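One structure is given here, and the rest of the page talks about it.
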Number of protein chains: 2
Amino acid sequence: MNLVTEQAVTSSDKTFFQLRKDIVEGQILPASKLSEAELAKRYTVSRAVVREAINRLVTCHLVERRANVGARVVALGPEGLVSLYQVRESLEGMAARLAAVNMSDDEIADLQSLLASHLQTVQSGDTYYQEAGDVDFHYRIILGSKNDHLISMLLEGIYHLIRMYRVQLGMAGPRVTTAFDEHKSIVQAISNRDGELAEILMRRHILYTRNNLEKKLVQQAV
Amino acid sequence: MNLVTEQAVTSSDKTFFQLRKDIVEGQILPASKLSEAELAKRYTVSRAVVREAINRLVTCHLVERRANVGARVVALGPEGLVSLYQVRESLEGMAARLAAVNMSDDEIADLQSLLASHLQTVQSGDTYYQEAGDVDFHYRIILGSKNDHLISMLLEGIYHLIRMYRVQLGMAGPRVTTAFDEHKSIVQAISNRDGELAEILMRRHILYTRNNLEKKLVQQAV
DNA sequence: AATGCCATTATTGTCGACAATATTGCGAAA
DNA sequence: TTTCGCAATATTGTCGACAATAATGGCATT
């Protein structure tokens, strides 16, 4: 299966994608139980395909399963968010380092033009596509690492969990202009083929994002 | 399921562990096909449990599956080893950083005594337990990070793949005394609660190990 | 009234059979 | 002879039913 254009070929794939979507987007609430029989009825498939879909969700760390008891959607806590961002900082920092070495000149040019279009968006005050743009930016660098292990861990593992947090905490993400400057310097480092700097900047960028999220989390708790 | 003391409760668990063992230890060769029917006969279980076991192996990146075609044990190449070690360097560096903050004083004391016992082993010229000792060292630091995502990625993901490589390349691992000194300085940084240094040293340590493996790989190719 | 035990019930784990898809090998046409 | 297409075969995907295990509730005992 391709990592980016995930296309569902089997019935189990579709159920998996559907369930993942429902969980990440909050249709199915955290800590809720996933009954195999019930889901089988809901999606009009056999219990076997639901089972397989659930197993895949387990490997994404989106649900947890106990033998002979059942599967529950993970419960999100502040510690979970922190630990997730620690892993993300580590992996995506390495991705930036590798991207600086492994991206082609064309890919870097594309990345720069993406950045330019983001600048336009920011200046026009349009905030709607901001998150999508941010995701696009990070995706390109991750893919630019050309490291399959890294790519799959980030794109089919961590990123869905992070999206789930974002939806759950109801944050479309502020920090637009400052984040843009950070993106800009990362691209600069990559186009200079300076992997070490790219890694440092990417890690800082993610750390700032995390701090920002935690701040919001505290506000929300009050 | 506990991450360290993995105990098989279900039939599918046992089959999974058995298959993983057979693959990692080379009983089942890389790039060989995993026929569901054949394995079901071999282990005297139903095809469903074999299927589930194979799916779990897929998530460990030990086998690859294509829809309607089947599953094959991954083929190991030099690039794969490099990309694996890049991920390991990144994650385990972060683990060391976190361990410096999150390990208890008792755990650090245990780590130091482990190091002392390793010194004894090295001085006595005994090389047999060297690899086990090395694994034990790294495990403690990984667990010391107290980050569940990090722990599961490393211990139930990457480490089995690395073991597979080691077995496949037939290297019990040299570099005993130098590696010991590196371990020593890492422990020093951790007991000083210096996370930043611990991360740098761990990353260097893993990079050296990788360079050493690559050298062996080239020698073998000649 | 509270607690511990046992039967009941519901849910998950396992199985064998059938359906759908990919591979293989044969034969026909260029 | 080579290549294309089709039929035969083998393997995977899906299904419903049964077995095993855990959660539930009532009953008896203290």
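This structure is a prediction, so every number in the text was calculated from the model and none was measured.
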Give me, pair by pair, the N or O atoms of the protein and of nucleotides 20-22 of chain D that are less than 3.5 Å apart, along with how far apart they are.
none

Look for any protein N or O under 3.5 Å of an N or O in nucleotides 14-17 of chain D and output each such pair with its distance, or none.
| unit_1 | atom_1 | unit_2 | atom_2 | d |
| --- | --- | --- | --- | --- |
| D:dT14 | OP1 | A:T10 | OG1 | 2.5 |
| D:dT14 | OP1 | A:S11 | N | 2.5 |
| D:dT14 | OP1 | A:S12 | N | 3.4 |
| D:dT14 | OP2 | A:T10 | OG1 | 3.0 |
| D:dC15 | OP2 | A:S46 | N | 2.8 |
| D:dC15 | OP2 | A:S46 | OG | 3.3 |

Original post:
In whole Å, what is the span from the NZ atom of B:K41 to the C1' atom of D:dA10?
Top reply: 13 Å

Original post:
Does A:H160 have any ring-ring contact (aromatic ring centres under 6.0 Å, His included) partners at least two apart in sequence or in another chain, and if so, which?
Top reply: none

Subject >> Residues A:R203, A:E89: salt bridge by 4.0 Å N-O rule >> reply: yes

Original post:
Would you say B:R140 has more than 12 foreign heavy atoms packed within less than 6.0 Å of its CZ?
Top reply: yes

Subject >> Distance-only polar pair, side chains of A:D134 and A:H183, donor-acceptor under 3.5 Å >> reply: yes

Original post:
Quick one: B:R72 CZ to C:dT23 P, roughly how many Å, whole number?
Top reply: 11 Å

Subject >> Interatomic distance where CG belongs to A:L34 and C1' belongs to C:dT11 [whole Å] >> reply: 13 Å

Original post:
Where does the angle between the aromatic ring planes of A:H205 and A:F137 fall among parallel (under 30°), tilted (30 to 60°) and perpendicular (over 60°)?
Top reply: perpendicular

Original post:
Charged N to carboxylate O under 4.0 angstrom, B:E52 versus A:R51?
Top reply: yes

Original post:
Going by an N to O cut-off under 4.0 Å, is there a salt bridge joining B:K146 and A:E79?
Top reply: no

Original post:
Reckon A:K14 has a side-chain N or O less than 4.0 Å from the OP1 or OP2 of D:dG13?
Top reply: no

Subject >> Matching residue for A:L39 among A:T15, A:L19, A:D22, A:V45 - test: side-chain contact (heavy atoms from CB on, under 4.5 Å) >> reply: A:L19

Original post:
Heavy atoms under 4.0 Å, any strand shown: does B:I54 hit a base, just sugar-phosphate, or nothing?
Top reply: nothing

